Every structure is written in structure tokens, then in C-alpha cells.
Amino acid sequence: MHDIRAIRENPAAFDAALSRRGLSGLSSQVLALDEARRAKILAAETAQAAQNAASKDVGAAKARGDDAEFERLRALVAATKAEMAQLNEAAKADDAALRDLLMSLPNLPGADVPDGADESGNVELRRWGTPRSFDFKPLEHYQLPAVQSGMDFETAAKLSGSRFVVLSGAVARLQRALAQFMLDTHITDHGLTETWTPVLVKPEMMLGTGQLPKFGEDSYETTNGWWLVPTAEVTLTNIVHGETVAEASLPRRYVAHTQCFRSEAGSAGRDTAGMLRQHQFEKVEMVSVTRPEDSAAEHDRMTRCAEAILEKLGLPYRTVVLCTGDIGFGAIKTHDLEVWLPGQDTYREISSVSNCGAFQARRMNARLKPTDGGKPDFVHTLNGSGLAVGRCLIAVLENGQQADGSVDLPTALHPWLGGKTRITADGTLA
């Protein structure tokens, strides 16, 4: 959400920033609603003052026996009260319209975010690792002999429909090991606080992080009004919802492993084979809550936390900064990590790390109380995958595949697999 005072003071700057996202001329619409709302509030306050004055005069007229003046003033008070109620209702309607408009507008991109219309405008920052050379044609994850018995899409379709999977045996254990490895690394090496949160949330929590109202079709709502989280960003960020936290308690750095649920609205025909795009999946999510002046450095730190997971697993990746046409709704700036998938012969997204500035904090009314006793300010919030577990599973399988159909597993995972080092071609951990 946006600071209405900042828009009043510099509407041209607001329009210029939104124009980088392909939106133009919106300050006039925002300010027209704001001015109408403020005018009605002022008129209601003026009517309230007139009513108060008339109410005093009613008593005086009654005391001196002036029945005509008493009746006139009493009628005036009643009319003013009705007018005031009408003005207040109209002001509330304008306020709701202004709030809805501001809620629908994306965050303003940072000055250092590259301009671009779509993902083709993203800028590569760096690469790590060299994609392996194969002396055979590498397969995609779901084609590997080692996973045929442990990755069942047909049974999942019977149970739930398309874009679900049943994992079993070595593949299920490998996915669990990956999640535990990620959690333990973030906790031990990166100083994040392990957190367990619900996957059902109230609608105001989805509003707080920006999934509602604009992107409701991308998530699942239950019949009693709860929402299934599309990511633990929703719950971890909303821990400070409505709170004023002590500056000394920042930064707060959380990590959680959860199931995530997305309807994948608008993605028909995309990545339908295998596990790349599922309705239900697992993620290890990182969230930081910081002072405003610290969020840019925290963004870089969180990106390194995600990169470190890939490096420990020996998975080649590249880091890109998203352009204005590809950046998420709530982000000031986003880094995407793309892991190398030899079965597709390309890099695919495995993590997005975003600095949302005060955008989510305004929606949540989350503030910090300065240590020096100054005026409370909005915190800054950041989120990032550390990593998407299913996509990491895909990368481990594809990068470790062997000519005989088996899969060699990263050394870093061996302690989480009871010392096992590979999945044989018949799907056994060995």
C-alpha cells in the first residue's frame, strides 16, 4: 500500500514510478478520491460544530420559554444530525474506494531496478558452477529409471487431479532430506529462527502480504473463509501484523518449511509434465523484518543464504535481477536464482528473494518503535525461497543422473540420508 501524503506532495514522482510498471496517470484518480473524502470529512466536522452550538441554544430557548425558537432549533439539530450522518457515510464510501484503489496498485520499483517489458529484460548478475557435460542425452527428472517407482502422477491424478504427485521410497526420503538440510543450514549457518506456522490463514493476512484482493484466483479459499497459504511468506511476515516492535529487536529473521498451495490460474499448458508446476508443493521460506535503512543490505544477505544452499549441493545456478516488467506485485527489487536443469538444457527459477520495503508493513500496520524515543516508523519486510524443495529435488535428480539410470546424490546430503549416496536404477537408496 502507498503513502497518501507522499502522493499528495509529489504526484509526478508517483506517476513516473508506476509508469515503469506500465501504469500511467493514476495519481489524479487517487487524489480525486482523497480530496472528495477529505471534503466530506470537513463538512461533517463543520456540521458537528453547528449541531453542538445549536444544542446549547435549544436548552437556553427552552429555559426562557421561547417555544418558537425552541422548535426551530430542535428541527435544526435534527436536520444537522441527519446531514452529518449522510456526510460520514459518504466519506466512508470514498475512504473505502480510495483504500481499494491503493490496495490494487503494485509497489514502486527501486531506482536500481532495470527497465523492461517482461522477463527478457532481466539482467544476469552472476553465475556459479559449470553445467556438467554428459556422454549421453540427459533425461528430465520424471523420465529417470531411478524415480519411476517413486514418482507417481497417475495415482495422484486419481486422488486429486492433475498437477499433483505421490512420492514414495527413495524419492520421498530424498525430498524430506532436502528440506531438513535446508532448514538446518539456515538455522546453523545463517542464524535464522526456525518457525512452524499454520497453512490456513484469515483473509486479512492474505491482504497484508498482497495476495488479496488482486490475486485471489491464484489461491484456494475454504468454505469457512480461511485461505490456504501459497507460501509461508504470508504467515511469517504477518507475525508482526498490527504490532509496534522495538527497534532493538530487529532484524527478525525467520525460516519455515511448509506445504504451499497455488491454483496456478492462467498457467494452462505450462510445465504440465513432471513436478515443475504443482498445485501442492513444499518450500523452505525465509522472511526478514528490518529497519528501513537496513533492508537493501538484508536483501543481498538473504540472496546469499539461498545461493549457499545451491553451492553446498553443487548445483550450477545463475542470479538475475528482475526488471520492472517481471518484478512481483509487492516488491521494490527481486533477485531470482535459476538452477541448471540438464534435462531441459536451461536454467529454471528455484528461488525469488524480494525486498518489499514498507509496502506490506503499511497493509499490515506493522511499525517499529525507535530506541531513541522518536516517532514510530513502518518496518521493512523481505521474503525469499530458501529453497523450493520440489524444484531442488528435480535439480538434484537431473544433475546427478548416470548413464545406467541411477542418480548420484550430493555429498552434502549424505548425513541426512543415513550415509546413503545414490539411488539405484531400480529406485533403491544405496
Side-chain angles (χ1 to χ4, degrees), residues 127-153 165-190 192 194 255 257 274-276 278 281-284 304-318 337-348 350-351 385-430:
R127 293 191 182 202
W128 184 91
T130 302
R132 173 184 159 200
S133 295
F134 291 83
D135 56 7
F136 59 93
K137 179 176 174 54
L139 302 175
E140 293 197 56
H141 61 286
Y142 58 90
Q143 299 170 326
L144 295 171
V147 307
Q148 292 302 304
S149 62
M151 191 176 289
D152 188 345
F153 297 99
V165 67
V166 172
L167 302 181
S168 62
V171 180
R173 185 169 179 184
L174 176 57
Q175 171 154 290
R176 176 165 56 89
L178 280 166
Q180 294 302 312
F181 162 72
M182 293 174 194
L183 278 175
D184 288 349
T185 300
H186 288 314
I187 295 160
T188 304
D189 296 357
H190 304 149
L192 278 61
E194 183 174 6
V255 64
H257 168 223
M275 284 182 59
L276 264 173
Q278 300 269 285
F281 55 97
E282 294 182 32
K283 244 202 322 171
V284 171
R304 279 300 304 148
C305 289
E307 290 173 338
I309 298 293
L310 292 171
E311 291 173 15
K312 285 177 178 291
L313 294 172
L315 298 174
Y317 69 88
R318 67 177 197 146
L337 275 59
E338 299 176 352
V339 68
W340 177 254
L341 296 184
Q344 292 192 11
D345 194 33
T346 192
Y347 289 95
R348 296 299 299 262
I350 196 168
S351 173
S385 307
L387 306 160
V389 181
R391 291 201 172 189
C392 198
L393 173 68
I394 292 170
V396 165
L397 293 170
E398 291 195 11
N399 282 278
Q401 63 182 291
Q402 304 301 311
D404 66 356
S406 65
V407 174
D408 286 348
L409 302 173
T411 302
L413 286 181
H414 296 175
W416 284 267
L417 292 166
K420 307 295 186 182
T421 63
R422 60 197 292 269
I423 305 177
T424 64
D426 65 2
T428 304
L429 267 177

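Small disclaimer: the values here were computed from a predicted structure and weren't measured.
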Between [X] and [Y], is any pair of side-chain heavy atoms under 4.5 Å apart?
| X | Y | result |
| --- | --- | --- |
| E307 | W128 | no |
| R391 | F281 | no |
| K312 | L413 | no |
| R127 | P316 | no |
| S168 | D152 | no |
| L429 | L409 | yes |
| L313 | L178 | yes |

For residues [X] and [Y], report the shortest heavy-atom separation together with the two atoms involved.
| X | Y | result |
| --- | --- | --- |
| L397 | M151 | CD1-CE, 4.0 Å |
| P342 | Q401 | CG-NE2, 4.4 Å |
| L387 | C392 | CD1-SG, 4.1 Å |
| G386 | H186 | O-NE2, 2.6 Å |
| A170 | T428 | CB-C, 4.5 Å |
| A430 | T424 | CB-CG2, 3.8 Å |

### Task
Give the intermediate values and the outcome of side chain to side chain contact (heavy atoms under 4.5 Å, CB included) for residues R173 and L417.
CA-CA 8 Å; R173 185 169 179 184; L417 292 166; 4.1 Å; yes

### Message
To the nearest 0.5 Å, what is the distance between OG on S406 and CD1 on I423?
### Response
9.5 Å

Would a distance-only check, ignoring hydrogens and angles, find a side-chain to backbone donor-acceptor pair under 3.5 Å from [X] to [Y]?
| X | Y | value |
| --- | --- | --- |
| N399 | W340 | yes |
| T185 | F181 | yes |
| H141 | L393 | no |
| T188 | D184 | yes |
| S351 | S385 | yes |

Show me the donor-acceptor pairs, under 3.5 Å and distance only, between side chains in residues 133-140 and residues at least two apart or in other chains.
unit_1	atom_1	unit_2	atom_2	d
E140	OE1	Q344	NE2	3.4

### Message
L174 vs V407, test: side chain to side chain contact (heavy atoms under 4.5 Å, CB included). Steps then yes/no.
### Response
CA-CA 11 Å; L174 176 57; V407 174; 5.9 Å; no

### Query
Does the side chain of Y142 come under 3.5 Å of the side chain of Q148 through a donor N or O and an acceptor N or O?
no

### Side-chain ion pair, R318 and E338, N-O less than 4.0 Å
yes

### Task
Report the C-alpha distance between R348 and I394 in whole Å, list the side-chain angles of each, state the deciding distance to 0.1 Å, and finish with yes or no for side chain to side chain contact (heavy atoms under 4.5 Å, CB included).
CA-CA 11 Å; R348 296 299 299 262; I394 292 170; over 6 Å; no

### Task
Given side chain to side chain contact (heavy atoms under 4.5 Å, CB included), test H257 with M182 step by step and report yes or no.
CA-CA 9 Å; H257 168 223; M182 293 174 194; over 6 Å; no

